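Take a look at the structure set out below.
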Amino acid sequence: MPLHDRLNIDLLSPAAVTRKAETLGVEKAKNTIRSTVMLGILAGSFIAFAGEFYTVVIYDTHLGPSITKLLGGLAFSLGLILVVVAGAELFTGNTLLIIAYMTRKITFGQLLRNWALVYLGNFLGAIGTVLLIYFSEQWKLGNYAFAAQAIKIAADKVNSDLWIAFVRGILANSLVVLAVWLSYSGRTLTDKVLAVIFPVTAFVSSGFEHSIANMYFIPFGMLLKLNPEAAAAALAAYPDLHLANLNVAGFVLRNLLPVTLGNIIGGAVLVGLVYWFVYLHKKV
């Protein structure tokens, strides 16, 4: 069989992926509350584990910033790989439900219901993992160097300009949803894993903002800020660090809100609506 024909069998075409996204959107929107929230909790935990792995990888590389960011991005790919392969509901990926809404297969109420339940589940999963990692005392690694890095990550996020956080949210979820999109086209485990790695590595290495990842990074930093040894290590390692905004208000208003809005636009508009318009919108 010619190579071109084999590739056509192995991989779904962009049009077929769009139809698959529509079908999956209908299934997700009609899932029960219990299943939706539980799968959301799993996804929040998976992304939080990826955040912890990211911090372990970068906190003492002693390499240049570009290589360190690249290694961190590769490590963070674990989160979406677990979501895609193990099966879970991630809010940012579920912005693709916009396709099923635009084809009138689900209602606007079903769309918002799914987003709200999954977002809640993601938050619960992330916060639960924050507590587990905190009580594991993993943050004492490297004589509190891990804790210092974790606090710096969180502080940088809550001190970012709101507009910058919003735009970085758009860019992040454009890449995350494209990773999900590429995974839909694959038929094997290898296809799906490879499809996820590069877009996720790109968004993390670039410093873009992902709302669910920040549900781990910022609360973990907030918790460590309350520990005298961890806070002292952070200020010693990064003398110019500003911790005043590392609190609940800073988390929600200065980061989570603008980043979540950006994530919706990046996933639903720049990816979902574009592919819907190209392949499923009535031709004129």
Side-chain angles (χ1 to χ4, degrees), residues 21 24-51 76 79-80 82-84 86-101 106-131 154 157-158 162 165-166 168-181 200 203 208-222 248-273:
L24 290 173
V26 174
E27 293 175 1
K28 291 172 181 287
K30 295 183 178 180
N31 207 355
T32 64
I33 293 176
R34 180 182 64 180
S35 295
T36 301
V37 173
M38 286 303 299
L39 290 170
I41 290 173
L42 282 178
S45 299
F46 294 162
I47 298 300
F49 280 127
F76 192 83
L80 195 59
L82 290 174
V83 169
V84 167
E89 294 287 315
L90 182 64
F91 168 76
T92 48
N94 279 19
T95 54
L96 281 175
L97 266 70
I98 195 73
I99 294 175
Y101 168 70
I106 64 173
T107 66
F108 189 62
Q110 288 174 313
L111 174 71
L112 293 183
R113 170 185 177 273
N114 177 270
W115 285 359
L117 292 174
V118 171
Y119 196 82
L120 172 63
N122 290 169
F123 180 77
L124 294 174
I127 293 299
T129 306
V130 164
L131 294 174
K157 289 180 178 295
V158 297
L162 296 181
F166 172 71
R168 289 180 179 177
I170 294 174
L171 294 168
N173 210 35
S174 298
L175 288 166
V176 170
V177 171
L178 283 172
V180 173
W181 193 267
V200 172
F203 110 71
F208 300 150
E209 296 282 342
H210 187 269
S211 57
I212 311 307
N214 291 353
M215 291 177 181
Y216 162 78
F217 283 123
I218 299 175
F220 189 51
M222 290 165 56
V248 174
F251 170 41
V252 175
L253 299 178
R254 297 185 61 86
N255 185 274
L256 197 58
L257 181 59
V259 170
T260 299
L261 293 174
N263 287 169
I264 291 172
I265 292 174
V269 178
L270 297 190
V271 180
L273 287 183

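In this text, all values refer to a predicted model and were calculated from it rather than measured experimentally.
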What distance separates [X] [atom1] from [Y] [atom2], expressed to the nearest 0.5 Å?
X: Leu256; Y: Lys157; atom1: CG; atom2: NZ; result: 11.0 Å
X: Thr260; Y: Phe91; atom1: OG1; atom2: CZ; result: 6.0 Å
X: Asn94; Y: Glu89; atom1: CG; atom2: CD; result: 4.5 Å
X: Leu42; Y: Leu90; atom1: CG; atom2: CG; result: 11.5 Å
X: Tyr119; Y: Leu124; atom1: OH; atom2: CG; result: 12.0 Å
X: Met38; Y: Leu117; atom1: CE; atom2: CG; result: 13.0 Å

Exercise: identify the closest heavy-atom pair between [X] and [Y]:
X: Val130; Y: Met215; answer: CG2-O, 4.2 Å
X: Thr95; Y: Ile264; answer: CG2-CA, 4.0 Å
X: Gly79; Y: Ala50; answer: N-CB, 3.4 Å
X: Leu96; Y: Gly272; answer: CD2-CA, 3.9 Å
X: Thr36; Y: Lys28; answer: OG1-O, 4.4 Å
X: Gly125; Y: Ser45; answer: O-OG, 3.4 Å

Partner of Tyr101 under side chain to side chain contact (heavy atoms under 4.5 Å, CB included), chosen from Leu97, Ile98, Ile99: Ile98

Side chain to side chain contact (heavy atoms under 4.5 Å, CB included), paired with Val259, selected from Asn173, Asn214, Thr92: Asn214

Flag side-chain contact, heavy atom, 4.5 Å: Asn31 against Leu39: yes

Test item: Phe76 and Ile47 side chains (from C-beta on) under 4.5 Å apart, heavy atoms: yes

Mutual orientation of the aromatic rings belonging to Phe251 and Phe123 [parallel < 30°, tilted 30-60°, perpendicular > 60°]: parallel

Trace of the ring pair (Phe, Tyr, Trp, His ring centres under 6.0 Å) decision for Phe203 with Phe208: CA-CA 5 Å; Phe203 110 71; Phe208 300 150; 7.4 Å; no

Whether Asn263 side chain and Ser211 backbone form a donor-acceptor pair below 3.5 Å: yes

